[in-house]
Amino acid sequence: MKVIRAKDYADMSRKAAAVIAAQIIMKPDCVLGLATGSTPIGTYEDLVKQYEAGELDFSQVTSVNLDEYKGLSPENDQSYRYFMNDHLFNHVNIDKAKTNVPDGLEKDADKACADYDAIIASVHGIDLQLLGLGHNGHIGFNEPADSFSKGTNCVSLTKSTIDANKRFFASEADVPTQAYTMGCASIMGAKKILLVVSGRDKAGILKEVICGPVTPRVPASILQLHPDVTVIADEDALSEI
Ligand code: GLP
């Protein structure tokens with residue numbers, strides 16, 4: 001793992017955007033694995049600025065997102081499809097037909113997961129996978145478990161994840177309890193992985209991810225086994241290392 005120390009959130013965002021921009025410039029028809037959550041928002045803002053300045057062209061880019069809440073429609077402003085449109089896709093020249101997010105409205109979980117695995121297989125490999133980090137070490141929505149997940153799976157969200165994400169919803173009762181997420185093995189199949197982490201509240205879990213044992217109890221710890229992972233974290237997130 002290569003760990004890059006950023007001064008603060010803005011610096012982390014600028015550095016992460018630079019890695020993604022380099023990927024698009026070097027391979028204009030690349031496949032980007034994208035993430036939601038509050039951490040990558042600044043990264044997307046920076047990429048939009050670079051696009052507006054004429055420095056980036058997303059026209060040939062394909063994207064696959066990590067996850068989606070089960071039961072939320074693309075029009076629901078808490079869905080991850082809405083998030084991606086709102087923070088990135090609506091502001092750059094990406095072809096929306098080439099942007100992929102699991103189908104939150106598919107009630108048949110087996111079908112939703114099989115369909116998304118087929119999409120992941122059809123893009124022939126993710127060039128760069130962007131990841132955020134959950135407070136319990138989850139990546140995508142792969143929560144702590146007895147074993148690492150493989151393909152797309154339907155997960156029941158833990159209390160800690162529901163608590164962390166309820167700030168975005170009108171009330172806790174509105175937070176979906178299940179989600180579809182790309183599996184850990186699919187994430188590990190990406191050629192390069194970029195993990196962005198910000199804030200003192202992530203310092204303890206980031207230490208476990210980087211320095212602790214590889215265990216499905218800390219899903220992101222599996223990244224230690226990937227040959228090309230860059231962690232960009234701010235000083236607060238790195239304060240325990
Ligand atoms: C959600 C997402 C994750 C994300 C995590 C952390 O649970 N499914 O992909 O990494 O939140 O979010 P934040 O960046 O807001 O801390």
Side-chain angles (χ1 to χ4, degrees), residues 6 8-10 12-13 16-17 20 32-46 63-72 76-84 86-88 100-102 104 112-113 116 120 126 128-145 149 152-169 172 174-184 186-188 190 193-206 208-210 218-223 229-234 236-238:
D8 51 22
Y9 179 79
M12 179 208 74
S13 302
I20 298 169
L32 297 179
L34 297 176
T36 53
S38 52
T39 313
I41 289 177
T43 304
Y44 294 143
E45 278 172 7
D46 202 297
S63 71
V64 281
N65 256 80
L66 283 169
D67 45 15
E68 180 60 283
Y69 287 113
K70 186 175 179 211
L72 296 196
N76 185 309
D77 64 3
Q78 293 309 324
S79 75
Y80 285 167
R81 162 53 79 177
Y82 188 98
F83 175 105
M84 289 310 303
D86 194 37
H87 288 287
L88 185 66
N100 301 284
V101 180
C113 296
Y116 206 59
I120 294 167
I126 296 168
L128 175 64
Q129 176 67 58
L130 176 64
L131 295 176
L133 181 64
H135 288 93
N136 57 7
H138 73 232
I139 43 176
F141 265 133
N142 292 286
E143 298 279 32
S149 62
T152 305
N153 56 103
C154 178
V155 289
S156 294
L157 303 178
T158 62
K159 173 91 174 75
S160 110
T161 300
I162 291 172
D163 282 349
N165 291 348
K166 69 184 180 197
R167 63 199 149 119
F168 302 114
F169 291 82
E172 185 168 344
D174 293 332
V175 188
T177 55
Q178 288 191 308
Y180 296 128
T181 182
M182 195 187 281
C184 289
S186 304
I187 292 170
M188 289 294 281
I193 294 179
L194 176 60
L195 175 68
V196 287
V197 193
S198 170
R200 197 163 288 272
D201 55 323
K202 300 270 178 81
I205 193 66
L206 183 59
E208 286 187 55
V209 168
I210 296 176
V218 181
S221 65
I222 199 173
L223 301 176
V229 176
T230 301
V231 180
I232 303 182
D234 61 18
D236 281 347
L238 286 168

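Counting starts at 1 for both ligands and their atoms, in listed order. Since this is a predicted model, take the numbers as computed values, not measurements.
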Kindly say whether [Y] contributes a backbone atom to a donor-acceptor pair with the side chain of [X] at under 3.5 angstrom?
X	Y	value
Asn65	Pro102	no
Tyr9	Gly42	yes
Thr181	Asn153	no
Tyr44	Met84	no

Under-4.0 Å heavy-atom contact with ligand 1, by part of Thr39 that carries it: both
Region of Ala35 engaging ligand 1 - heavy atom pairs below 4.0 Å: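 Within the 4.0 Å criterion, Ala35 makes no contact with ligand 1.
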Tell me the protein heavy atom at minimum distance from [atom], and give that distance in Å.
atom	answer
atom 3 (C) of ligand 1	Gly140 O, 3.4 Å
atom 6 (C) of ligand 1	Leu133 O, 3.6 Å
atom 11 (O) of ligand 1	His138 NE2, 3.9 Å
atom 8 (N) of ligand 1	Asp67 OD2, 2.8 Å
atom 15 (O) of ligand 1	Ser38 OG, 2.6 Å
atom 4 (C) of ligand 1	Thr36 O, 4.0 Å
atom 16 (O) of ligand 1	Lys202 NZ, 2.8 Å

Within the 4.0 Å heavy-atom shell around [X], which atoms of ligand 1 are there?
X	answer
Asn165	1 (C), 7 (O)
Gly37	12 (O), 14 (O), 15 (O)
Tyr80	1 (C), 2 (C), 8 (N)
Gly132	10 (O)

Ser13 versus Glu45, side-chain donor and acceptor atoms under 3.5 Å: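 Short answer, no.
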Plane angle bin for His138 and Phe141 - parallel if under 30°, tilted between 30 and 60°, otherwise perpendicular: tilted
side-chain contact (heavy atoms from CB on, under 4.5 Å) partner of Ile193, chosen from Thr230, Val231, Ile187: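 Per the side-chain contact (heavy atoms from CB on, under 4.5 Å) rule, the option paired with Ile193 is Ile187, out of Thr230, Val231, Ile187.
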Residue of the set Val101, Asp67, Leu130, Leu66 for which side-chain contact (heavy atoms from CB on, under 4.5 Å) holds with Thr36: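 The option that passes is Asp67.
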Ring centres under 6.0 angstrom apart (Tyr69, Phe169):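 Between Phe169 and Tyr69, which both carry aromatic rings, the centre distance is below 6.0 Å.
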Heavy-atom gap Arg167 to ligand 1 smaller than 4.0 Å: yes
